[in-house]
Amino acid sequence: SPDFRILQVSNGKLTLERVTIRGGKLDGRGGGIFASSELLVINCRISNNRSARGGGISTGSVGMVINSVVTDNEATVDGGGILNEVFGTLIVLNSTISNNLNSTLGLGGGGIRNKGGIMTLTNTTLSGNVSVGSGGAIFNDFDRGFNAETTLINTTITANRAARGSGFAVEFDATMPGHSELKNSIVAENPGGDCLGPFISLGHNLDSDATCGLNHPGDLSGLNPLLG
């Protein structure tokens, strides 16, 4: 059968609620969903999709993923679960990003690659994601004059793997604006290193190997979180 994407939105706004998006496969962006305009995903499961970039979801506009699961997707280039491109604003709330793979070329982001965009994750878990490049869970980097901006709030990153920065990896160009922030979050037990790159702690974070540079009041560095 021919390769195909499940859904594409390029004008207006697409809202998905209580649906499963699975089985998309193509050599391009967004095996499950490709969005160049507004996307809202609520109580959905995005699974078993494959593409070159953004295996589950590829977005370059405003994207919101709420109470959803993004799992078992694959991208050969970057963003196994989700790719958020430059000019994209991605909000992930109360969701799980798990067991996604960035394979072959391995430009980064087994779970998510934030490529020059803006991203906020709240009450979200990233686990079991793998990249043969950087950032097993998240790879934050720059594009077209913009560093990616990522904020993690009440978020857990654990049991992810990568060649570099198994939990959260950042590549940062000091000549460009942008930052990565952590608040009330756990980045722990990621074999090969919890963090790689510059981070800003907003307090009350924990890492298990002292690689996240946690130095704000309330931070705990180099401790086992006993996640089980």
Side-chain angles (χ1 to χ4, degrees), residues 62-70 79 81-82 84 86 88-98 100 108-129 131 134-142 146-162 164-228:
V62 176
M64 298 184 69
V65 178
I66 302 171
N67 298 331
S68 294
V69 175
V70 180
I82 302 173
N84 185 46
V86 65
T89 298
L90 176 65
I91 296 171
V92 182
L93 175 65
N94 299 334
S95 294
T96 297
I97 314 294
S98 65
N100 300 287
I112 302 173
R113 184 181 187 186
N114 187 20
K115 189 173 183 286
I118 298 171
M119 180 171 75
T120 302
L121 278 65
T122 305
N123 298 332
T124 290
T125 297
L126 298 98
S127 66
N129 301 287
S131 173
S134 299
I138 299 171
F139 181 43
N140 221 41
D141 67 331
F142 53 87
F146 294 90
N147 284 304
E149 297 189 13
T150 294
T151 301
L152 305 183
I153 303 169
N154 299 330
T155 287
T156 298
I157 297 177
T158 189
N160 304 279
R161 294 178 181 270
R164 298 173 298 278
S166 291
F168 190 176
V170 172
E171 288 189 5
F172 185 81
D173 186 330
T175 66
M176 305 175 188
H179 55 268
S180 298
E181 299 177 331
L182 303 132
K183 181 178 181 180
N184 297 335
S185 292
I186 296 172
V187 187
E189 303 301 316
N190 298 281
D194 291 329
C195 293
L196 176 66
F199 299 88
I200 297 172
S201 173
L202 301 180
H204 303 283
N205 301 293
L206 182 150
D207 71 10
S208 61
D209 65 359
T211 58
C212 297
L214 302 180
N215 54 16
H216 195 279
D219 285 341
L220 298 173
S221 183
L223 295 181
N224 186 340
L226 303 175
L227 295 174

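By convention here, the first residue in the shown sequence is residue 1. Please read these numbers as outputs of a predicted model, since none were measured by experiment.
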**Asked** Which value, rounded to the nearest 0.5 Å, describes the distance between Thr125 atom OG1 and Asn154 atom CG?
**Response** 10.5 Å
**Complete:** In short, Gly136 meets Asn129 closest at the heavy-atom pair O-CB, 3.1 Å
**Prompt:** Which pair of heavy atoms, one from Thr158 and one from Ala188, lies closest together, and at what distance?
**Reply:** OG1-O, 2.8 Å
**Request:** Report yes or no: does Asp207 contribute a side-chain atom to a donor-acceptor pair with the main-chain N or O of Ala210 at less than 3.5 Å?
**Result:** yes
**Message:** I need the Thr151 OG1 to Lys183 NZ distance, nearest 0.5 Å.
**Reply:** 10.5 Å
**Request:** Take Leu152 and Ile157 through the test side-chain contact (heavy atoms from CB on, under 4.5 Å) and record every step on the way to the result.
**Result:** CA-CA 10 Å; Leu152 305 183; Ile157 297 177; 3.6 Å; yes
**Item:** Closest approach of Cys195 to Thr211 (non-hydrogen atoms, all atoms of both residues)
**Value:** N-OG1, 2.9 Å
**Which atom of Gly108 lies closest to which atom of Ser131, heavy atoms considered** = CA-OG, 3.8 Å
**Prompt:** CG/Asn114 to OG/Ser180 distance, rounded to the nearest 0.5 angstrom?
**Reply:** 8.0 Å
**Request:** Using atom types as modelled and distance alone, determine if a side-chain donor or acceptor of Asn100 lies under 3.5 Å from a backbone N or O of Val70.
**Result:** yes
**Prompt:** Distance from Leu93 atom CG to Thr122 atom OG1, nearest 0.5 Å?
**Reply:** 6.0 Å
**Message:** Asp141 and salt bridge (charged side-chain N to carboxylate O under 4.0 Å, His left out): which single residue from Arg164, Arg113, Lys115 fits?
**Reply:** Arg113
**Value rounded to 0.5 Å, distance of CG in Leu126 from CD1 in Ile112** = 5.0 Å
**Prompt:** Taking side chain as C-beta onward, heavy atoms only, is Ile200 less than 4.5 Å from His216?
**Reply:** no
**Item:** Atom pair CG (Asn160) and OG (Ser98), whose distance is rounded to the nearest 0.5 Å
**Value:** 9.5 Å
**Asked** Do Ile97 and Leu121 touch side chain to side chain, with heavy atoms closer than 4.5 Å?
**Response** no
**Under 3.5 Å: donor-acceptor pair, side chain of Ser221, backbone of Leu214** = no
**Closest approach of Ala162 to Ser166 (non-hydrogen atoms, all atoms of both residues)** = N-OG, 3.1 Å
**Item:** Atom of Asn205, atom of Asp219 and distance for their closest heavy-atom approach
**Value:** N-OD1, 2.9 Å
**Request:** Show your working on side-chain contact (heavy atoms from CB on, under 4.5 Å) between Asn224 and Glu189 and close with a plain yes or no.
**Result:** CA-CA 8 Å; Asn224 186 340; Glu189 303 301 316; 4.0 Å; yes
**Asked** Quick check: does any side chain N or O of Asn84 sit under 3.5 Å from a backbone N or O of Gly117, one acting as donor and the other as acceptor?
**Response** no
